[in-house]
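Structure first, commentary second.
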Protein chains: 2
Amino acid sequence: MQISRSLEYAVRSLVCLVNSKEPLSLKRIASGEKIPSPYLAKIMRTLVNGKIVCSTRGRKGGYFLLIPPEEIALYDLYLLFEKKDKFLPCFEDNSYCPTPGKCVRKVVWYKIENAVIKAFKNVSLQEMAGKNNLSGKAKK
Amino acid sequence: MQISRSLEYAVRSLVCLVNSKEPLSLKRIASGEKIPSPYLAKIMRTLVNGKIVCSTRGRKGGYFLLIPPEEIALYDLYLLFEKKDKFLPCFEDNSYCPTPGKCVRKVVWYKIENAVIKAFKNVSLQEMAGKNNLSGKAKK
DNA sequence: ATAAAAATGGACTTCTTAAGTCCACTTTTT
DNA sequence: AAAAAGTGGACTTAAGAAGTCCATTTTTAT
């Protein structure tokens, strides 16, 4: 039960984009965040394909956000980097399970999975960037 | 983000114990649940060391619960099988992190981790065994 | 007493997958 | 046209989960 390094790298990189007006190149992000740049390249491609960021090539190229950070939920990233549909081994492979199909335990496990998903849906990239106006929320 | 097979095996085995009056031997559990028995042996040892079950040796020996199943939270098992303290890589190893010590992101990640922990605390072994009197709860 | 049936402990192997690398290619700017 | 950027995919490495093995101890039935 552990967040993958990929997801953590992705969050860090996206926070960089939140804090930048111009597009940021792979190299800039990688060196700033101390992430191996070929590995980050792969992560950024996933983010591009997942429609979380946009990229431009050539000189002055780089990555930037497509949508405002308060509209990006951590859950969107969870889906990209923590391949879904196998929260539990037996969710996709019945060979580990003496009771294929629905069973009491599975129902309970799904309940837990849903709580986890909810936790990821409740956090925005904005919040990860430390820019949430929590005071507003807190006041009422 | 995935439940380990060990934890799932542990839950299944414990449910067997809930449903049994006498102690169950490793072999009985392993064959009933189709779990490789030397592997289950390791799991049962973890449960014994974790004070979740008790064991007796020799003929007629086996495993049995020490405490009533409604007092065993899934979180107790989570602690035994999903080694804590590394929900996030950087929680225990700063080398992956350009900002050691507290940072905005870590605070948010902890928040998520807490939601996960809460989800595991909310489920008892009793519930996993399908013996929860939910009707009582639901009524009021 | 002793044999059989059980748990224990720890070292070991195997397998999966996350993490990371590499390279040939395309696109854009100066 | 050269330099600086992203792209795609195949590949390698490393870590940890999953599983095995064996020698030992404990208990019970005969």
Side-chain angles (χ1 to χ4, degrees), chain A residues 1-10 12-13 17 22-31 33-50 52-64 78 80-86 88-90 92-93 95-97, chain B residues 1-10 12-13 17 22-31 33-50 52-64 78 80-90 92-93 95-96:
Chain A
M1 205 61 175
Q2 196 175 347
I3 302 297
S4 68
R5 215 171 286 177
S6 299
L7 175 53
E8 210 269 329
Y9 287 165
R12 294 227 306 263
S13 304
L17 299 186
E22 328 123 25
L24 292 178
S25 74
L26 187 61
K27 272 190 186 164
R28 288 276 292 314
I29 303 173
S31 72
E33 293 296 325
K34 295 203 189 106
I35 299 170
S37 94
Y39 189 45
L40 183 59
K42 219 166 68 168
I43 290 170
M44 295 313 292
R45 272 179 265 151
T46 303
L47 289 172
V48 170
N49 292 333
I52 306 291
V53 303
C54 215
S55 65
T56 54
R57 292 183 171 200
R59 286 234 187 147
K60 290 270 136 192
Y63 301 93
F64 54 94
Y78 177 93
L80 288 176
F81 294 99
E82 310 278 331
K83 40 175 130 13
K84 232 200 113 187
D85 288 342
K86 50 166 203 166
L88 209 61
C90 70
E92 66 172 11
D93 182 352
S95 68
Y96 298 117
C97 192
Chain B
M1 205 63 175
Q2 197 176 345
I3 302 297
S4 68
R5 215 171 287 176
S6 300
L7 176 52
E8 210 270 328
Y9 287 165
R12 295 224 307 262
S13 305
L17 300 185
E22 328 121 26
L24 293 178
S25 75
L26 187 61
K27 271 190 185 164
R28 288 276 294 308
I29 304 173
S31 72
E33 293 297 323
K34 294 201 189 111
I35 299 170
S37 92
Y39 188 44
L40 182 59
K42 220 166 68 169
I43 290 170
M44 295 313 291
R45 272 179 265 152
T46 304
L47 288 172
V48 170
N49 292 331
I52 306 291
V53 303
C54 214
S55 65
T56 55
R57 294 183 171 200
R59 287 235 188 145
K60 289 270 137 192
Y63 301 94
F64 54 94
Y78 177 92
L80 288 177
F81 295 99
E82 308 279 330
K83 42 176 129 16
K84 235 204 113 186
D85 289 343
K86 51 167 205 168
F87 183 69
L88 209 60
C90 69
E92 65 171 13
D93 181 352
S95 69
Y96 298 116

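Chain naming here is simple, since letters A, B, ... match the order of the sequence lines and numbering starts at 1 in each.
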Between [X] ([atom1]) and [N] ([atom2]), how many Å, whole number?
| X | N | atom1 | atom2 | value |
| --- | --- | --- | --- | --- |
| Met44(A) | dA19(C) | CE | C1' | 17 Å |
| Ile43(B) | dG9(C) | CD1 | C1' | 16 Å |
| Asn49(B) | dA7(C) | CG | P | 15 Å |
| Lys86(A) | dA17(D) | NZ | C1' | 12 Å |
| Ile35(B) | dA17(D) | CD1 | P | 18 Å |
| Lys34(A) | dG20(C) | NZ | C1' | 19 Å |
| Glu22(A) | dA5(D) | CD | C1' | 15 Å |
| Lys27(A) | dA4(D) | NZ | P | 7 Å |

Side chain to side chain, [X] and [Y], heavy atoms closer than 4.5 Å:
| X | Y | answer |
| --- | --- | --- |
| Gln2(B) | Met1(A) | no |
| Leu80(B) | Asn49(B) | no |
| Leu17(B) | Phe64(B) | no |
| Tyr63(A) | Leu26(A) | yes |
| Leu47(A) | Phe81(A) | yes |

### Message
Once side chain to side chain donor-acceptor pair (under 3.5 Å) is applied, do any residues pair with Glu33(A), and if so which ones, sequence neighbours excluded?
### Response
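Once residues adjacent in sequence are excluded, the partners of Glu33(A) under the side chain to side chain donor-acceptor pair (under 3.5 Å) criterion are Arg12(A).
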
Quick tally for nucleotides 24-30 of chain C: nucleotides whose base has a protein heavy atom under 4.0 Å get B, sugar-phosphate-only ones S, the rest -, giving --BBBBS

The contact string for nucleotides 18-23 of chain D, one letter per nucleotide 5' to 3', using protein heavy atoms under 4.0 Å with B, S and - for base, sugar-phosphate only and none, comes out as SBB---

Q: Please confirm whether the backbone N or O of Ser4(B) pairs with a side-chain atom of Glu82(B), one donor and one acceptor, at under 3.5 Å?
A: yes

For residues 35-46 of chain B, please give each side-chain donor-acceptor pair under 3.5 Å, one per line with the distance, not counting sequence neighbours.
from	atom 1	to	atom 2	distance (Å)
Tyr39(B)	OH	Ser6(B)	OG	2.6
Thr46(B)	OG1	Lys42(B)	O	3.1

Check: Is Ser25(A) near enough to dA4(D) that one of its side-chain N or O atoms lies under 4.0 angstrom from OP1 or OP2?
Finding: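 Answer no for this pair, as no side-chain N or O of Ser25(A) is under 4.0 Å from OP1 or OP2.
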
Applying side chain to side chain contact (heavy atoms under 4.5 Å, CB included) to Arg28(B) and not counting sequence neighbours gives Leu24(B), Ser25(B)

